[in-house]
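Residue numbering restarts at 1 for every chain, and letters A, B, ... go by the order of the sequence lines.
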Amino acid sequence: MFALIDCNNFYASCERVFRPELNHQPIVVLSNNDGCVIARSNEAKALGIPMGAPAFEYQKCFRQHQVHVFSANFALYGDMSRRVMNILEEYSPESEIYSIDEIFLNLSGMDAYNLHEYGISMREKVWKWTGIPTSIGIAHTKTLAKVANRIAKKFPDPTKNVHLILSNEQRIKALKWIDIQDIWGIGKQHAHRLKTIGIHKGYDFTQLSAEWIRKNMGVVGLRLQQELLGTPTLAIEYPKPRKNIATTRSFETLYTDIDAVKERISAFAVSCAEKLRKQHTCCLSITIFICTPQHQTHLPQYSRSIHIKLPYPTHSAIELSQFATQALLKIFKPGYAYKKAGVIVHNLINENQLQKKLFENRNEQHIPLMQAIDKINQMIGQQKVRLASQDLKQVWKMKQEKLSPRYTTRLEDIITIYC
DNA sequence: TCTGGGGTCCTAGGACCC
DNA sequence: TCTGGGGTCCTAGGACCC
């Protein structure tokens, strides 16, 4: 038995916790650079603002309906998420944090409990302790728990935001209700293909032949069908070290100068190196990419990436920055206006598993140096110690015009209460 | 004239998720 | 003027092995 607890409109709800006057008001949260809408309160959804809407196209709508607009405040959302998850993990010996706002709990063996009541108590505690509203789905498989969660969110009234799919009748009723594209694991492509052969609801999908699914959707599709039929094929998963780590950003303006792009690539490589050290891994290869703005079709378009194998595994910011900027020289073409770039590291291995001879070419002094840098930056603030190839004058700045305070992670931003 | 039958590893691309 | 930033897994095909 699985429960899926999902925070309602998570980013918007986080902003609301510290601004209760915004309850029942439309709220949207924008992506980095204030580019597009990545979260909406129910009121904003009701205004017809779609997910991913470009902010500039909706300025008029925002003004007209007095929508409260926020720049993404990931420091706040990450910390609020940690608080919510800490509470929910107490409700089961086995859990899986699936995303920043979702957690699966294994409820096997808890049949003695009234699971509906159990879910309501979780919801109430999270609400009371953090101010974040949640919805809860409970069923025999993770995919059905996802379906149940959707029902809980859609029909808060009878369900009290907690819905269970236990009997076969409940399962069939739920699957006859849910649209095929809303099922976890069915994306745009598969939904389109399924609709062309007359499959519109979750239930229709469970009636398809295994041969058809295997042929058109692979083993993933077969597993999904089993899940919807009530046979679990997905278990609770434990956190594993990442297999790839990326740092990519859009620029606030267009860059034509190679030095400006070089500085960004260097900074992204430093960021990847930091993330590598945090999970105690080194990378063996690196990809960098640059591209011009895809939406501005009147500009000359150019987009390229390059993948290089490193001569030895590393998590040194100095080395990764050098490899990344060397790679940039191979793909950078003058005469284009660049909008976005990124660094991705792959083939990650544990830092303790390095073979001795692999160290031959690398500078061993980087290891204590990086440790010292990490320590200083942790003590006195991120990015206080940087490479000379990074933006020392701090020219680069992300567009974040509507950033809320970091209420829970910065002493200066803690709210003041007058009594 | 006629040329087997297994494997593994790597990569790019496609699908999906939040 | 202006459109985010992360991840995962699977598959097919090519290169290589004996």
Side-chain angles (χ1 to χ4, degrees), chain A residues 4 6-7 9-11 28-39 49-60 62 69-74 77-78 81 96-104 142-143 146 149 180-194 213-224 227 233-234 237-254 264 268 271-272 275 279 284-285 287 289 291-299 305-309 337 339-348 398-401:
Chain A
L4 173 69
D6 185 317
C7 301
N9 314 321
F10 183 56
Y11 296 169
V28 297
V29 178
L30 304 182
S31 62
N32 281 345
N33 271 318
D34 293 345
C36 53
V37 173
I38 56 169
I49 301 167
M51 185 69 172
F56 72 91
E57 279 180 14
Y58 282 82
Q59 285 307 328
K60 205 175 146 192
F62 294 162
V69 180
F70 290 92
S71 303
N73 185 345
F74 291 113
Y77 312 149
S81 168
E96 171 189 347
I97 295 175
Y98 178 69
S99 75
I100 195 166
D101 70 336
E102 283 171 82
I103 182 170
F104 283 106
K142 285 170 102 176
T143 311
K146 274 272 197 184
N149 186 287
I180 191 74
Q181 72 268 14
D182 293 334
I183 287 174
W184 188 43
I186 302 278
K188 221 175 165 184
Q189 306 294 325
H190 287 326
H192 179 76
R193 174 187 255 149
L194 287 163
I213 294 182
R214 177 71 183 88
K215 186 161 170 275
N216 292 280
M217 300 174 68
V219 296
V220 182
L222 283 181
R223 281 201 287 251
L224 178 59
E227 284 266 313
T233 61
L234 305 172
E237 292 197 13
Y238 298 99
K240 296 173 219 143
R242 300 242 166 276
K243 296 183 173 175
N244 304 296
I245 291 175
T247 300
T248 72
R249 288 287 179 280
S250 296
F251 312 138
E252 196 196 346
T253 56
L254 298 179
R264 287 290 78 207
F268 298 161
S271 158
C272 283
K275 294 176 188 173
Q279 66 165 32
L284 270 162
S285 67
T287 297
F289 72 85
C291 54
T292 52
Q294 292 166 340
H295 299 281
Q296 285 160 270
T297 43
H298 60 283
L299 291 174
S305 71
I306 182 170
H307 182 93
I308 52 167
K309 287 184 177 151
K339 176 66 179 171
K340 190 174 173 180
V343 173
I344 307 159
V345 293
H346 329 259
N347 297 79
L348 312 189
M398 193 154 52
K399 187 177 169 195
Q400 287 183 309
E401 289 175 352

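One atom, CZ of A/Phe251, and another, P of C/dC2, lie 15 Å apart when rounded to the nearest Å. Between the C1' atom of C/dC2 and the CE atom of A/Met398 lies a distance of 16 Å, rounded to the nearest Å. Here C/dG6 presents its P atom at 8 Å from CZ of A/Phe289, a figure rounded to the nearest Å. The nearest whole Å value for the distance from the NE2 atom in A/His295 to the P atom in C/dT3 is 7 Å. Following rounding to the nearest Å, A/Gln294 (CD) and C/dG4 (C1') show an atom-to-atom distance of 12 Å. A/Leu254 places its CG atom 6 Å from the P atom of C/dC2, with the value rounded to the nearest Å. Rounded to whole angstrom, the span from the NZ atom of A/Lys399 across to the P atom of C/dC2 amounts to 10 Å. Nucleotide C/dT3 holds its P atom 10 Å from the NZ atom of A/Lys340, rounded to whole Å.
With both ends at atom P, the span from C/dC18 to B/dT3 equals 24 Å, rounded to whole Å.
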- With sugar-phosphate taken as primed atoms, P, OP1 and OP2 and all else as base, the protein-contact string of nucleotides 10-18 of chain B at under 4.0 Å (heavy atoms; B, S, -) is -S---SSSS
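Distances shorter than 4.0 Å separate some side-chain N or O of A/Arg249 from OP1 or OP2 on C/dG6. In this model, the phosphate group of C/dC9 is approached by a side-chain N or O of A/Lys243 to a distance below 4.0 Å at OP1 or OP2. Residue A/Gln59 places none of its side-chain N or O atoms closer than 4.0 Å to OP1 or OP2 of C/dC2. Between A/Thr248 and C/dG4, a side-chain N or O to OP1/OP2 separation shorter than 4.0 Å is absent. Taking 4.0 angstrom as the limit, A/Lys339 places a side-chain polar atom (N or O) nearer than this to OP1 or OP2 of C/dT3.
Not counting sequence neighbours, the partners of A/Asn244 by the side chain to side chain donor-acceptor pair (under 3.5 Å) test are A/His346. Applying the side chain to side chain donor-acceptor pair (under 3.5 Å) criterion to A/Asn9, with sequence neighbours excluded, gives A/Asn42, A/Lys45. With sequence neighbours excluded, the residues satisfying ring-ring contact (aromatic ring centres under 6.0 Å, His included) with A/Phe74 are A/Tyr11, A/Tyr77.
For the segment residues 28-35 of chain A, the set of residues with a heavy atom within less than 4.0 Å of an atom of DNA chain C comprises A/Ser31, A/Asn32, A/Gly35, in numerical order.
Counting only distance, with no hydrogens or angles, the side chain of A/Asn33 and the backbone of A/Lys399 share a donor-acceptor pair below 3.5 Å. A donor-acceptor pair is defined here as one N or O able to donate and one able to accept, closer than 3.5 Å; such a pair exists between the side chain of A/Glu227 and the backbone of A/Thr143.
For the pair A/Lys142 and A/Phe104, the cation-pi test (distance below 6.0 Å, angle within 45°) is passed.
Taking a cutoff of 4.0 Å between a charged side-chain nitrogen and a carboxylate oxygen, A/Glu237 and A/Lys240 qualify as a salt bridge.
The terminal axes of the helix from B/dG5-C/dC18 to B/dC18-C/dG5, fitted over 5 pairs per end, subtend an angle of 10° to the nearest 10°.
Counting any heavy atom pair closer than 4.0 Å across all strands shown, A/Thr247 reaches sugar-phosphate atoms only and no base atom.
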